[in-house]
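Single-structure report; data block below.
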Amino acid sequence: MGIQAVRGTRDVLPGEIENWQRIEAIAREILARAAYQEIRTPILEYTELFQRGIGEATDVVGKEMYTFTDKGDRSLTLRPEGTAGVVRSLIENGLHTQGLQRLWYTGAMFRYENPQAGRQRQFHQLGVEVLGSGDVRADAEAIAIATDILQAIGLKDLTLQLNSIGNADDRQKYRTALVEFLTPFKDKLDPDSQTRLTKNPLRILDSKNAQTQAILENAPSVLDYLSSESKERFDRVQSLLQDLGISCNINPRLVRGLDYYTHTVFEIQSDNLGAQATVCAGGRYDGLVSQLGGPETPAIGWAMGLERLVILLQQLEQNRQSTVDFYVVSRGEKAEAQALKLAQLMRRNGFATELDMTGSAFGKQFKRADRSGAKACLILGDAEAENGTVQIKWLKSGEQSAIAQSELLNDIDRLRQQLSES
Ligand code: ATP
Ligand code: MG
């Protein structure tokens, strides 16, 4: 066997690349209109950046990083996410001295995790970072831009989950309460959650384990631990979103995996992705810039997983294709002329009808019929043309029967019924 692509990586081939380009073009335009500027940072960074910026107790740093020593004996890491690199660049290039920065980026990220649909080892994100504003409007604007992009791409069935984890102080208090609540159940938690109980207890809320989730049902809610300022801030974010016509679910269980988040955290999830439902995730991270050696700089950002958006776009395309009711297949001069007439007749009676005009072999026309997503084929050959009939073939069941062309539309209701059932 020849050499294959590395596990968890994929080629994006012609045919699919158009969807990637479409997403990027839409995002680029919406971001430019909102005065966001693109930034490109290296894929390789010193490992320490992520250790300090994301935190050792997270899955990303603890388990998922592609880290190696280079020939000069430096520990380097393929970036697992975009924020730490952007913040490093902001500090290193003094961008924070030039006023509010609205930045966006796109590119490959690397995490060593279990590959499955919508989860890869090399994947791609498009993200924004707004650095230098702690205003609630920055939170609302960032979220609004994410929803604008997803909407412009044409995605449906999305929900915005919103939460606040307060300031560092609120979070500390909640952390203590959560640990106190969970400690008596320690032995019943899944192994990962047991480790997190000391290292990163908030992440336990994220556990996919059913028994852990059952225990968490009575756990204290972070919203009860917010200071009055944090609470008021969260209320203002919600009312700004409401003003913008953006609805959301308040989800007190929502926490982000990365340590640097404060106040607003959110995820946008799709109903059409199974387990890998989150297409966009983000929040406020007022502590990160100073943690990486810069001045105190409030900030908010999000990242979208492009693979998941592409999967959703492909689903949309398939749905669009299946809006063809009939695909008309014909061969021979007389049959082809009748097929054109029949197609027009079907359309005039409200049926979406695609006419194959290639004149190629029946086999090839049938293949195209399959690809069109049509429910049924109308087939006209020499024999049918001669005696004024048409074969109707239901593509899912394979059922086929002949009927006089003049009778095809005698019972339109029944035909509609058959279409909706097949
Ligand atoms: P998850 O819970 O799905 O692992 P996460 O919390 O690790 O997500 P973030 O670090 O917040 O994800 O990344 C933001 C977005 O990037 C995710 O919502 C998802 O759309 C995408 N993403 C993250 N990891 C992967 C991956 N391994 N493959 C594809 N997309 C990913
Ligand atoms: Mg993850």
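In listed order, ligands and their atoms are each counted from 1.
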Exercise for the section: Could you tell me whether Glu81 approaches ligand 1 through its side chain, its backbone, both or neither, with non-hydrogen atoms closer than 4.0 Å? Expected result: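 For Glu81, there is no contact with ligand 1 at all, from either part.
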Problem - Which segment of Gln276 sits under 4.0 Å of ligand 1 when only heavy atoms are counted - result: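 Under 4.0 Å from ligand 1, Gln276 contributes no heavy atoms.
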Of all the atoms in ligand 1, which lie at a distance below 4.0 Å from a heavy atom belonging to [X]?
X: Val279; result: 20 (O)
X: Ala303; result: 14 (C), 15 (C)
X: Gln125; result: 13 (O), 14 (C), 15 (C), 16 (O)

Practice task
Please list, chain by chain and in numerical order, all residues satisfying ring-ring contact (aromatic ring centres under 6.0 Å, His included) with Phe50, sequence neighbours excluded.
Solution key: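 Here no residue qualifies.
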Problem - Test: Arg416 cationic atom under 6.0 Å from Phe351 six-membered ring centre, within 45° of axis - result: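 Yes, Arg416 and Phe351 form such a contact.
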Handout entry: Spacing of CG belonging to Leu223 relative to CD1 belonging to Ile250, to within rounding of 0.5 Å
Key =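 Atom-to-atom, Leu223:CG and Ile250:CD1 are 7.5 Å apart.
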Practice task
Check each of Arg111, Arg203, Arg119 against atom 2 (O) of ligand 1 and report the one with the nearest heavy atom.
Solution key: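 Shortest heavy-atom distance from atom 2 (O) of ligand 1: Arg119.
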Exercise answer: donor-acceptor pairs, residues 172-187 side-chain atoms, under 3.5 Å, sequence neighbours excluded:
| unit_1 | atom_1 | unit_2 | atom_2 | d |
| --- | --- | --- | --- | --- |
| Tyr174 | OH | Pro220 | O | 2.9 |
| Thr176 | OG1 | Gln172 | O | 2.9 |
| Thr183 | OG1 | Val179 | O | 2.5 |

Practice task
Ignoring hydrogens and angles, state whether a donor on the side chain of Thr41 or Ser89 is under 3.5 Å from an acceptor on the partner side chain.
Solution key: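 Per modelled atom types, Thr41 and Ser89 side chains form no pair under 3.5 Å.
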Practice task
Say whether Lys208, considering both its backbone and side-chain N or O atoms, lies within less than 3.5 Å of an N or O atom on ligand 1.
Solution key: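 For ligand 1, there is no N or O atom that lies under 3.5 Å from one belonging to Lys208.
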Exercise for the section: Please indicate whether Phe362 has more than 12 foreign heavy atoms, meaning atoms of other residues, nucleotides or ligands, lying under 6.0 Å from its CZ. Expected result: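 Yes, enclosed.
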